[in-house]
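Remarks on the structure that follows.
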Amino acid sequence: MLNSVSDDEDGREYEQHSSSSMPQKILMKRKNKCSVCHSIGHNKKNCPSNSREETSSSSRVFRGQSIPQILAPPSLDEIGDDNEEIGDRMSVGTIGNDSDAGESVQEVLYEGNRWDPCNIDDVRLDDEGREIMELCEFTAAEMGGNLEELGDIHHLDLKKLFHLFWSEPMCAEMIHSTNAYGRAYVRGWKELTVIEFEAFLGIVIYLGCCSYPSRVEVWRAGIKGCAHIKRIMTKSRFDKIVRAWHYTDQTIYSAATLKGLKAADPFWPVKDFVTKLSKNYQKMWIPSQLIDIDEQTIPWKGRHKCRTYNPNKPEKWHFKVFSLNCSSTGYQCGFYLYQGKSENRPAHITATAFPAHVLLEHPKYHNKGYILFTDNWFTSFQQLQICHERGIEMVGTIKKNRGGVPDNFKRKKGQHQLRVRGEHMTVRTILNENKEVWFTCWLDKKPVHILHTIPTQIGRCNREVNMEGAWTPIVYNRPTIIKLYNAGMGGTDAGDQRMQAYRTTLKTRSWIPRILSHCLNSTIVNLFIFAQTTFRNHADFPKTHLRFRDMLVDQLFEAILTEQILDPSKRHEKSQSKKAWNDDIFRRSGQHFAQILKKPEEQRQEGNKKRKGNSTNTRNFFRGNCMMCNRYTSTKCTQCGVYLCLIAENSDETCFTAFHTHTNLFGTTSVRGEISSSSDDD
């Protein structure tokens with residue numbers, strides 16, 4: 001867990017140099033310094049601490065484990081007068097720089113404030129040996145969902161719970177704008193209804209649960225496609241809805257107005273939706289005391305003004321999202337889209353402090369004892385000032401080149417790290433005459449610099465160290481603020497992990513469906529966290545994220561499936577061609593039953609009109625062309641979804657039997673009942 005903290009700093013902070021490029025003077029010092037007891041004059045092979053007698057005498061028990069010894073930075077008295085130069089480098093306040101011995105750490109911060117060294121005490125342990133960290137008083141309500149907004153909704157009615165986040169007015173606005181765009185720009189558009197829109201959202205969620213190389217495979221003919229999805233909606237209809245999926249009606253604006261809107265806000269088509277959704281997220285959840293701000297990504301390789309590139313991300317081309325999350329659960333309490341240079345940011349606020357300024361603007365976070373955690377991209381003294389004005393504590397790793405960081409911690413270019421693992425130092429200053437601020441540096445594999453407004457203590461951490469080819473457990477000193485940072489920083493990553501597991505990537509030319517599908521995915525994650533926390537005592541509630549999504553998809557499909565049961569003409573199954581069926585071996589396996597598709601009673605028309613001559617009225621049944629003889633029939637195979645005749649005129653074998661038994665369908669004549677005897681049978 002510590003490595004995640006250490007990785008926030010620059011990799012050049014603790015470089016491993018080869019012997020060929022390292023100066024000879026430093027090589028001699030490293031060669032004569034013991035990595036076990038930190039003494040000068042011998043190496044770890046000749047160290048007296050490696051003997052069995054001394055190891056057993058100095059061992060101690062930590063969290064139920066026997067630890068060989070505690071390695072702490074040596075004092076100047078232990079080093080001796082012969083090693084004054086090395087001792088000076090290890091004195092307090094010189095972890096990052098080779099300053100003179102005895103010089104106090106005093107660097108001007110702001111308005112005459114100075115850094116002063118401070119002593120920190122050992123942390124207290126409970127009865128089980130766990131560290132007791134003292135935090136500020138927390139006066140907000142208990143973490144969990146807002147039960148006032150929940151009302152009397154049943155815990156298994158996931159569709160109503162979903163509309164607490166995607167409200168019905170928001171969905172109505174989305175349906176209206178989608179229909180307006182479809183009528184204007186999509187050929188052959190049919191009006192989108194509420195039932196069909198819910199089914200569309202269910203398909204989008206389902207495509208994230210089931211991995212397909214492309215959505216074409218979902219509607220693939222035959223048994224290889226998804227029969228459930230093919231019955232609900234055709235691929236052509238789904239593609240048209242994806243293309244027309246909008247939240248803001250663009251058809252009411254002129255070309256000049258649209259150009260001005262794009263220049264003012266590159267995300268203007270989804271701005272209102274993102275703002276309302278973020279407010280719903282914030283309204284429905286009370287976060288724990290620990291909250292964090294981090295960035296998310298929305299994969300997008302197409303053209304857009306705000307598309308960003310980061311080679312270190314899994315999705316290198318993406319939209320950037322700044323997110324405020326609850327550290328305990330990963331719930332997303334608020335977010336906004338990064339707009340780059342188009343961002344409407346006050347001149348006195350930097351880009352790194354602006355996310356905290358926006359996401360912590362709501363009064364529910366002010367003066368309640370919340371603790372904000374950020375990584376070294378966000379952490380700055382301006383962000384600390386914003387949090388201080390709103391009564392929010394802050395803990396964050398900080399880059400050593402940020403303004404206000406003491407010069408004693410800044411190593412010049414070309415200098416090598418000579419400190420040992422476990423060394424630490426804390427300095428203190430006063431901000432705005434009443435706010436104490438601490439700066440802590442601790443050396444793990446790399447130096448870790450943390451700026452915090454919560455006091456720290458000296459704790460312990462376990463590490464496995466390779467000593468003479470054997471991994472040996474060692475206990476190192478570690479400030480408790482490091483452990484607190486690891487506990488508080490990671491809420492956004494936890495939410496990202498849940499979203500990435502079931503992310504739906506709709507391949508479109510427009511970026512708008514990509515933003516909306518990401519918002520849908522984040523809503524499902526928030527809804528799962530909300531429902532799991534609120535209804536955790538109900539035994540019938542789905543325990544896993546996947547089962548939760550499956551149940552929600554079934555409820556979104558329920559209305560359209562009920563409509564199809566009442567009116568079978570609205571079913572959308574499409575059979576493949578006769579040539580494709582000829583190569584499909586699945587038609588000759590499984591259980592095949594004939595079904596007569598009769599219309600509902602209110603739709604029957606037989607007897608309502610007078611017959612003309614000898615014609616018969618058969619409009620009481622749904623009919624289709626037989627796959628074998630091409631005549632109209634009302635019987636259909638339930639498994640294959642193919643119309644087949646059940647009456648044999650000139651033979652004992654019907655078209656239904658021939659289709660499910662013959663190897664070669666083209667060996668069968670097109671006349672009903674006349675089956676070719678030369679065809680290959682099973």
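Computed over heavy atoms, backbone and side chain alike; hydrogens, waters and symmetry mates excluded.
- The six-membered or imidazole ring of F200 lies near that of F238, with a centre-to-centre distance under 6.0 Å.
- Here the two rings, on F322 and Y338, have centers that are under 6.0 Å apart.
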### Task
Decide side chain to side chain contact (heavy atoms under 4.5 Å, CB included) for E393 and V395; before the verdict, give the C-alpha distance in whole Å, the side-chain angles of both, and the deciding distance to 0.1 Å.
CA-CA 7 Å; E393 305 294 337; V395 178; over 6 Å; no
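- Residues F378 and Q383 share a closest heavy-atom pair of O-OE1, 3.4 Å.
- Every pair passing salt bridge (Lys or Arg N to Asp or Glu O under 4.0 Å) that includes a residue from residues 153-167 is listed here, sequence neighbours excluded: D157-K160, K159-E198.
- Atoms CG and CG, from D554 and D550 in turn, are 6.5 Å apart once rounded to the nearest 0.5 Å.
- Within the 4.5 Å cutoff, the side chain of E168 has no heavy atoms near those of the V194 side chain.
- Side-chain atoms of R390 and Y365, non-hydrogen and from C-beta on, never get closer than 4.5 Å to each other.
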### Query
Is there a side chain to side chain contact (heavy atoms under 4.5 Å, CB included) between W377 and T397 once you walk through the steps?
CA-CA 8 Å; W377 191 88; T397 56; over 6 Å; no
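- Once rounded to the nearest 0.5 Å, the distance linking CD of E217 with NZ of K235 reads 10.5 Å.
- The nearest pair of heavy atoms linking Y247 to M170 is CE1-O, 3.4 Å.
- Residues F373 and N486 fail the side-chain proximity criterion, which asks for heavy atoms closer than 4.5 Å.
- The distance from atom OH of Y331 to atom OG1 of T533, rounded to the nearest 0.5 Å, is 10.0 Å.
- Applying the side chain to side chain contact (heavy atoms under 4.5 Å, CB included) rule to N625 yields the partners N630, Y632; only residues at least two apart in sequence or on another chain are considered.
- Atoms CD1 and SG, on I371 and C136 in that order, are 4.0 Å from each other to the nearest 0.5 Å.
- The salt bridge (Lys or Arg N to Asp or Glu O under 4.0 Å) analysis of residues 308-326, with sequence neighbours excluded, yields the pairs E295-K313, E295-K320.
- Taking the six-membered ring for Trp and the full ring otherwise, Y206 and H228 have centroids separated by 6.0 Å or more.
- Of all non-hydrogen atoms in H163 and C171, the two that sit nearest each other are CE1-SG, 3.9 Å.
- Closest heavy-atom contact between Q339 and P266: OE1-CD, 3.8 Å.
- Annotation for N325 and G330: closest pair ND2-O, 3.0 Å, computed over non-hydrogen atoms.
- By the 4.5 Å heavy-atom criterion applied to side chains, I175 and T193 are not counted as neighbours.
- By the 30° and 60° cut-offs, the orientation of the rings of F354 relative to Y336 is perpendicular.
- One finds no salt bridge joining D239 and R243 here, because no Lys/Arg side-chain nitrogen approaches an Asp/Glu carboxylate oxygen to under 4.0 Å.
- Taking K240 as the reference, nothing meets the salt bridge (Lys or Arg N to Asp or Glu O under 4.0 Å) condition, with sequence neighbours excluded.
- Here the CG atom belonging to D265 is positioned 10.0 Å from the CD atom belonging to E343, to the nearest 0.5 angstrom.
- Ring pair W317/Y309 is tilted by interplanar angle, where 30° to 60° counts as tilted.
- With a 4.5 Å cut-off on side-chain heavy atoms, F138 and S288 do not count as touching.
- Among residue pairs with one or both ends in residues 178-196, those qualifying as salt bridge (Lys or Arg N to Asp or Glu O under 4.0 Å) are R183-E191, E196-R237; sequence neighbours excluded.
- Ring-plane geometry between H155 and F535 is classed as tilted, the angle between the planes lying from 30 to 60 degrees on a 0 to 90 degree scale.
- Residues V218 and I203 fail the side-chain proximity criterion, which asks for heavy atoms closer than 4.5 Å.
- Between I293 and L372, the closest side-chain pair of non-hydrogen atoms falls below 4.5 Å.
- Taking 4.5 Å as the limit, some side-chain heavy atom of L150 sits within range of a side-chain heavy atom of L164.
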Determine all donor-acceptor pairs shorter than 3.5 Å in which one atom belongs to a side chain in residues 508-529; sequence neighbours excluded.
| residue | atom | partner | partner atom | Å |
| --- | --- | --- | --- | --- |
| T508 | OG1 | S510 | O | 2.6 |
| S510 | OG | I512 | N | 3.3 |
| R514 | NE | L506 | O | 3.4 |
| R514 | NH1 | P299 | O | 2.4 |
| R514 | NH2 | L506 | O | 3.0 |
| S517 | OG | P513 | O | 3.1 |
| S517 | OG | R514 | O | 3.0 |
| H518 | ND1 | R503 | NH1 | 3.4 |
| N521 | OD1 | R549 | NH2 | 2.5 |
| N521 | ND2 | M499 | O | 3.0 |
| S522 | OG | Y281 | OH | 2.9 |
| S522 | OG | H518 | O | 3.4 |
| S522 | OG | C519 | O | 2.9 |
| T523 | OG1 | W166 | NE1 | 2.9 |
| T523 | OG1 | Y281 | OH | 2.7 |
| T523 | OG1 | C519 | O | 2.7 |
| N526 | OD1 | Q332 | N | 3.0 |
| N526 | ND2 | Q332 | O | 3.1 |

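- Among all heavy-atom pairs drawn from M143 and C326, the shortest one is SD-SG, 3.9 Å.
- The environment of K507 atom NZ is sparse: at most 12 non-hydrogen atoms of other residues, nucleotides or ligands sit within 6.0 angstrom.
- Atom NZ in K259 sits 12.0 Å away from atom OG in S254 (nearest 0.5 Å).
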